[in-house]
Amino acid sequence: MSEIRLRFAPSPTGYLHVGGARTALFNWLLAKKEHGRFILRIEDTDVARSTQESVDAILEGMRWLGLDWDEGPYYQSERFPIYKESVAKLLAEGKAYRCYCSAEELEKKREEALAEGRKPKYDGTCRKLQGELPGKPYAVRFKSPQEGVTAFDDLIKGTITFNNEELDDLIIQRSDGTPIYNFVVVIDDATMGITTVIRGDDHVNNTPRQIQLYEALGYPVPRFAHVPMILGADKARLSKRHGATSVMAYRDMGFLPEAMVNYLVRLGWSHGDQEIFSMAELVEKFTIEAVGRSAGVFNTDKLLWLNHHYIMNGDPQRLAELLVPFLKERDVDPAKGPSLPAVVKTLQERAKTMLELADGAVFYYRPEVVYDAEATAKFFKPELPSLYQALLAKLEMLADFSHQPIETLFKEFCTEQGIKMGQIGPPVRIALCGGTVSPSIYEVMEVLGKEETRRRIARALEFVKAQG
RNA sequence: GGUCCCAUCGUCUAGCGGUAAGGACACCGGCCUUUCACGUCGGUAACAGGGGUUCAAAUCCCCUUGGGAUCACCA
């Protein structure tokens with residue numbers, strides 16, 4: 001068996017959406033697993049709708065997910081001469097013909113057919129035409145075999161059979177001389193040596209026509225694997241109204257690429273009961289046969305859970321780096337204040353997204369803590385100043401200002417004062433963070449350092465006093 | 001409408017003739033606990049319906065129903 005060659009072939013008419021990303025991922029994984037090649041091809045034959053911004057957005061999405069390609073990106077718009085040649089060949093061999101029907105009359109016929117409940121199939125007006133009509137614009141149609149069946153063994157869905165009479169003579173070249181998708185995709189996949197085509201199952205109905213083209217052109221037919229669609233919560237095809245569909249939008253919402261990859265791969269593929277997969281594990285365990293046949297609903301809750309998992313178990317140094325842009329958006333300069341990786345460590349297990357991580361980190365870098373009104377109303381009691389004062393004095397004497405010693409100090413403090421942790425913990429938390437929700441105060445104090453910790457408590461002390 | 005595809009908890013799924021139908025997310029309780037989380041223990045919850053085949057069917061076949069895709073000089 002020779003080298004397996006796969007490809008991802010998006011059309012640059014928008015960003016990389018989650019469905020496309022999953023298709024790309026499956027291709028990439030199979031290429032890695034089988035030690036084959038993964039090729040990226042930009043399908044921009046529709047020059048009017050294709051944009052460079054879209055190309056850039058798609059490449060950015062691929063890179064973010066870690067899906068690197070071995071060849072390309074190839075651009076179909078740069079391959080027009082190749083397509084022209086194949087059209088000429090088909091024409092010369094009588095496997096295609098010139099069609100002089102105008103788009104308007106075709107449209108009219110289609111509407112009539114639909115109105116009468118018939119299949120809107122090309123009627124073959126120009127199929128029998130002899131010779132050419134000089135000077136008249138024409139499109140080129142493929143002379144589709146009308147007898148027998150066209151079938152293929154889909155790697156995911158099994159054998160799929162079509163009656164050839166269902167397939168009409170499709171246009172392969174527009175009257176302006178540009179080629180049509182179903183034609184170029186065959187030529188490209190064939191000339192690029194693609195052995196396995198993994199794509200969305202919205203292409204199932206295109207496959208028999210493409211197989212006919214492979215055969216007419218004398219190319220070997222590749223294997224096909226059609227992956228099911230991704231649906232929204234209402235089981236309709238995933239769209240913007242269900243929330244974000246752009247992969248990069250998920251990055252901006254604070255998702256990690258490994259969470260996205262893990263989520264996408266498990267949507268429609270499984271390996272026993274396993275939920276968490278590293279890229280390396282996926283490369284080892286992925287098989288196209290284990291991809292499910294039915295469409296799946298995109299579930300943000302599960303993505304969130306995975307993201308939380310990867311944040312919780314992630315390397316603090318790396319997370320700190322990824323966090324910087326999110327902090328900048330909050331006007332926080334992580335260079336001025338405690339070590340960001342240390343801050344991240346205290347927040348990891350309670351942040352589901354990088355956004356939450358950033359929100360949680362802000363108070364470390366804002367010396368002028370803003371006290372939550374509800375919190376102060378509940379915990380800033382008259383006896384608090386003396387407790388704060390005593391604590392300040394005790395903290396002053398602590399030599400090793402780290403988690404364990406601080407915790408021990410608080411236990412002693414409670415005993416000495418004859419109070420419960422609940423009487424001193426919350427007020428200290430408010431003094432340090434401003435509110436009633438934060439990481440463990442011992443950790444916070446360690447990260448803040450003795451000086452800043454005492455400064456914040458002293459500040460809160462003044463606040464309570466002033467409050468009367 | 002024609003053609004094609006699909007069908008296990010709310011969701012993602014395991015299952016590939018013999019299971020008390022398993023796991024995960026979400027949800028609901030208990031425990032842990034200075035908060036929020038984490039962790040942990042437990043709970044609710046599914047084979048779309050009907051016919052076959054078989055000693056035996058979630059698993060195989062057929063029909064129905066329900067979803068989806070596609071029928072362009074878009075990709």
Side-chain angles (χ1 to χ4, degrees), chain A residues 9-13 43-46 48-50 76 99 101-103 106-107 110 113-122 137-141 154 156-158 160-163 165-168 170-182 184-185 200-208 226 228-229 231 233 235-237 263 266-276 292-306 308 312 347-352 356 360 375 407 410 414 420-430 433 435-442:
Chain A
S11 64
T13 53
E43 312 227 310
D44 57 350
T45 51
D46 186 347
R49 293 202 304 156
S50 302
Q76 290 185 324
C99 176
C101 299
S102 73
L106 254 20
E107 181 59 29
R110 185 180 311 114
L114 243 20
E116 291 168 30
R118 287 184 289 112
K119 182 182 171 69
K121 195 178 158 180
Y122 179 59
Y138 63 88
V140 177
R141 280 186 190 272
D154 192 275
I156 292 171
K157 295 176 185 284
I160 301 178
T161 308
F162 292 83
N163 282 317
E165 58 184 7
E166 295 295 333
L167 281 15
D168 61 358
L170 79 153
I171 288 175
I172 57 178
Q173 186 180 83
R174 300 182 183 92
S175 46
D176 68 359
T178 58
I180 287 289
Y181 167 77
N182 271 312
V184 301
V185 73
D201 76 3
D202 48 331
H203 286 287
V204 168
N205 290 294
N206 287 327
T207 307
H226 288 98
M229 312 252 78
L231 275 23
K235 306 263 188 154
R237 188 178 186 149
Y263 178 70
R266 272 292 284 105
L267 180 55
W269 174 85
S270 60
H271 184 78
D273 286 338
Q274 190 171 345
E275 295 288 350
I276 306 293
R293 311 103 298 183
S294 52
V297 174
F298 191 89
N299 181 222
T300 310
D301 277 334
K302 187 138 187 187
L303 209 209
L304 233 22
W305 174 75
L306 279 162
H308 175 54
M312 189 162 60
L347 266 8
Q348 276 176 281
E349 72 182 17
R350 58 203 96 218
K352 286 190 166 71
E356 289 182 12
E407 183 168 351
F410 268 82
C414 285
K420 294 232 169 78
M421 194 57 211
Q423 289 168 265
I424 188 64
V428 168
R429 168 167 290 107
I430 296 166
C433 322
T436 53
V437 174
S438 83
S440 148
I441 53 175
Y442 312 131

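Order of the sequence lines fixes the chain letters, A, B, ..., with proteins taken first and strands second; residue numbering starts at 1 for each chain. This is a predicted model, so every value here is computed, not measured.
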Length of the [atom1]-[atom2] vector between [X] and [N], whole Å:
X	N	atom1	atom2	answer
A:Arg293	B:U59	CZ	C1'	12 Å
A:Glu356	B:C36	CD	P	16 Å
A:Leu303	B:A24	CG	P	19 Å
A:His308	B:C36	NE2	C1'	11 Å
A:Asp154	B:U3	CG	P	20 Å

*Look through every strand shown and name the nucleotide pairing with B:G17 as Watson-Crick or G-U wobble, where both distances are under 3.5 Å.*
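Here B:G17 is not engaged in any pair, so there is no nucleotide opposite it.
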Would you measure the distance from the [atom1] atom in [N] across to the matching atom in [M] and give it in whole Å?
N	M	atom1	value
B:A21	B:A45	C1'	13 Å
B:U13	B:G50	P	26 Å
B:A75	B:G17	C1'	44 Å
B:A14	B:U19	C1'	12 Å
B:G15	B:C47	C1'	11 Å

Whether the side chain of [X] engages the backbone of [Y] through a donor-acceptor N/O pair (distance < 3.5 Å, no angle test) should be reported.
X	Y	result
A:Lys302	A:Leu267	no
A:Arg174	A:Pro179	yes
A:Asp202	A:Met229	no
A:Asp176	A:Thr178	yes

[X] side chain: which of [options] is closest?
X	options	value
A:Thr45	B:U34, B:A75, B:A7	B:A75
A:Arg350	B:U11, B:U35, B:A69	B:U35
A:Pro426	B:U34, B:C73, B:A75	B:U34
A:Asn205	B:G23, B:U35, B:U3	B:U3
A:Ile180	B:U3, B:U35, B:C74	B:C74
A:Glu275	B:C73, B:G23, B:A7	B:G23
A:Glu166	B:C73, B:U11, B:G2	B:G2
A:Met312	B:C38, B:G22, B:C73	B:C38
A:Ile160	B:C4, B:C12, B:U13	B:C4
A:Trp305	B:C25, B:G23, B:C74	B:C25

*Aromatic-base stack, A:His203 on B:A69, cutoff 5.5 Å, angle under 30*: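 Stacking between A:His203 and B:A69: absent.
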*Will you find, in the side chains of A:Ser438 and A:Arg429, an N or O donor that is under 3.5 Å from an N or O acceptor?*
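Short answer, yes.
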